[in-house]
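The analysis underlying the following values was restricted to heavy atoms, covering all of them including side chains, and did not include hydrogens, waters or symmetry mates. Quantities reported herein were computed from a predicted structural model and do not represent experimental measurements.
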2 protein chains.
Amino acid sequence: MGGLGPFLTEEQADWPGGWRERFLMAVGIKDVARVAGVSAATVSRVLAGKAVDAAMQARVLAAVESTGYRPNLAARRLRSRHSNVIGLIVADIRNPFFTAVSRSVETVAAARGMQVILCNTDEDPAKEAMYLDLMHQERAAGVILAPSRQRVAQTERPAGERPVVLIDRAIPGADLDCVLLDNERMAAVLVEHLHARGHRRVAGLFGAMSTTGLERRAGFERAAAALGLEAQAMAVPHSTGEAERALAGLLSGPGRPDALVASNGVMLLHILRALRAQGLSVPGDIALAGFDNNDWMDFVGQGTCGAGGISVIEQPVEEIGRTATAMLLDRLDNPDAPTRKVVLAGKLVARG
Amino acid sequence: MGGLGPFLTEEQADWPGGWRERFLMAVGIKDVARVAGVSAATVSRVLAGKAVDAAMQARVLAAVESTGYRPNLAARRLRSRHSNVIGLIVADIRNPFFTAVSRSVETVAAARGMQVILCNTDEDPAKEAMYLDLMHQERAAGVILAPSRQRVAQTERPAGERPVVLIDRAIPGADLDCVLLDNERMAAVLVEHLHARGHRRVAGLFGAMSTTGLERRAGFERAAAALGLEAQAMAVPHSTGEAERALAGLLSGPGRPDALVASNGVMLLHILRALRAQGLSVPGDIALAGFDNNDWMDFVGQGTCGAGGISVIEQPVEEIGRTATAMLLDRLDNPDAPTRKVVLAGKLVARG
DNA sequence: AATTCACGAGAAAACGTTTTCTGAAAGCAC
DNA sequence: GTGCTTTCAGAAAACGTTTTCTCGTGAATT
């Protein structure tokens, strides 16, 4: 400090507004303690909201203010041995369903003083495993996970021993909290809706990456059988080309379906593309229905005749996120409570 | 440890596969060191990839494997005084532009061993300030920020003294790295496109929350003036109702515009809604153009006549995220390099 | 052959907090 | 007034790493 020249007094050089604050390291709890004339422990207690002498508390708060002290969360987590971070691992951040859920999760978490690390796996089990491990290393309080299909094979608990809440997709064998859509029933509702609209030959494209696709397919087939419809269900991988190719065969063959069901919003777009490639219009030539009510769906398939439109099952996205977060936070308090499975109903948005 | 009964030998109780691993705390670097028969420092060095004896390295790696050791990132950050976390603070996670950028940021960051904390401000300056402060507390390595308009007023550096890269929106006074779209020019391109298509009375709706809206509006007005078009530009707040109301007046009055320009994807949806409320069709009654090429746009406004469609400026979302992340990581290495401003061109996607 | 140098491994300090421990003062019952 | 408990603040330990320091060994140089 002597090397700083004659222009700084000891006081200036040391504190506040002086050399150290401006140029060197961040201010720590000890600096606050020194300014307030108390011990570091007392500062910690004030900040934690524990009972301390009122005069001291005021001095500490003033010192925090004047020094611009910001606690180091890494140190806090290390010592206190618990973290305010929750991990949110989704399969596809571009899917509006997941962004909507993410937003809801973030809002609820922030309101309870938790921060969210959002991880995007792109349906890649390797990335998923990497992120689960990362959450472990981060010692995250818990994880909200939309698991990929491959994970089903693993019987081990994901993310070490920390609480996990599954969303959107189940892991059949696992004993974990989850909040899901009533996929099978909702798919059946969709089929019944198409039947009521007079369609008799239905085809469905279902995702191959998750239990969700399987369940929706099952509901589709069950309902179609019950109604005596001519039905054809196929599972398509997540890539674009696959869906288009699968549809090309379906649409050009004899006995072309008069209605299509999409397993999710992304799939529905693939179908739209394929239909256009075939020169077919919705709903003039063929009806289209699916899952996830995206904001733009009000505006496609509105033929000149005024009818048409794409009927979908709208998922309660906000509630899914809210419920999952609440369940996770609950479990942090009661680690040994029995696991809960929440199944939510969707809402049929009938168009056309 | 004696209380555990006679079934556990000292060895079992202590390590490995025994009591401690299964029921108590996580395994630490010292446990690994003990198993490998080396010092904790050596384990640390092996994990950091520093030069160590090959035999020792093998022993350490084996010990890490057998113990299932996962380093505690909080401790690592505390001691090493630098973090592998970058904050990404966006205005609206539901806006596909931001989700696309987020995905790109996350991918690049993950490839470089960094993790991303995604923060959603919902255009709320208070939330933005809260998150910037949080990133400070987290001692994040840096922040990528899409600033809200209000932040402009603040001359102070956001997020303490850590590196910040701005995306999508500038902060006029600030000397910060940023990567932006050439908004003014792109808006002009859009107007010229409409002019070439024969439209003569254009109106534009621009966001009031960011510099982006201002710039696009300026480009819109400049181009319209240069081309001698009858133009009307208005700034509308971010809420749904506003846009609809503003449009209602515009569309019902005399000299109704024959083309509309939307400042962004969200605005464009509002316009679509308003048009439908007025019973106007795109592009039959009125043309529509805007910013952000969302995947569904291929399918709306395709009238029976085959013409139509919504022309937009497609932003290079992937590159924006990639560039911003690269710039941020660069700056971590060269804190004192001059700030850079990257202005990217968009691409006109002409439809109809 | 002696001295320096480079290297690498263990011991110990340090990171910035929270928590435990300790002791003093205050309150209360006798 | 004495002895007991309670309260509260400071001192010190602890959290799990990385980094610095120290020292021993072997190679290289003179």
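Side-chain atoms of B/Arg139 come within 3.5 Å of backbone N or O of B/His136 as a donor-acceptor pair. Of the possible donor and acceptor atoms, one in the side chain of B/Thr107 sits under 3.5 Å from a partner among the backbone N and O of B/Arg103. Judged purely by atom type and a 3.5 angstrom limit, A/Asp133 has no side-chain atom pairing as donor or acceptor with the backbone of A/Met130.
In summary, A/Asp177 and A/Lys341 do not engage in a salt bridge, as defined by a charged side-chain N under 4.0 Å from a carboxylate O. Using a 4.0 Å cut-off between a side-chain N of Lys or Arg and a carboxylate O of Asp or Glu, B/Glu161 and A/Arg70 do not qualify as a salt bridge. Using a 4.0 Å cut-off between a side-chain N of Lys or Arg and a carboxylate O of Asp or Glu, B/Arg169 and B/Glu123 qualify as a salt bridge.
Put simply, the side chain of A/Thr339 does not reach to within 4.5 Å of the side chain of A/Leu176, judged on heavy atoms.
As a whole-Å value, the separation of B/Arg70 CZ from D/dC15 P is 21 Å. B/Gln57 has its CD atom 14 Å from the C1' atom of C/dA9, to the nearest Å. If you take CZ of A/Arg81 and C1' of D/dC15, they are 6 Å apart, rounded to a whole angstrom. Following rounding to the nearest Å, B/Ile29 (CD1) and D/dA14 (P) show an atom-to-atom distance of 19 Å. Between B/Asn72 atom CG and D/dA14 atom C1' there is a gap of 13 Å when expressed in whole angstrom units. Across the protein-nucleic acid pair, B/Glu138 atom CD and C/dT17 atom P stand 13 Å apart, rounded to whole Å. Between the CG atom of B/Asn84 and the C1' atom of D/dT17 there is a distance of 14 Å, rounded to whole Å. Taking atom CZ on A/Arg79 and atom C1' on D/dA14, their separation rounds to 4 Å, with Å as the unit.
Nearest nucleotide to the A/Val52 side chain, out of D/dG16, D/dC15, D/dA9: D/dA9. Closest approach to the A/Leu78 side chain among D/dG16, C/dT17, D/dT17 is made by D/dG16 (side chain taken as heavy atoms from C-beta onward).
Phosphate proximity of D/dT19 to B/Lys50: present, with a side-chain N or O under 4.0 Å from OP1 or OP2. Residue A/Arg76 places at least one side-chain N or O under 4.0 Å from the OP1 or OP2 atom of C/dT18.
Within the 4.0 angstrom heavy-atom criterion, only backbone atoms of the sugar-phosphate kind lie near B/Ser80; the bases stay farther away.
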Set out, line by line, the N/O atom pairs under 3.5 Å between protein and nucleotides 10-12 of chain D.
unit_1	atom_1	unit_2	atom_2	d
D/dG10	OP2	A/Ser39	N	3.2
D/dG10	OP2	A/Ser39	OG	3.1
D/dG10	OP2	A/Thr42	OG1	2.4
D/dG10	N7	A/Arg45	NH2	2.7

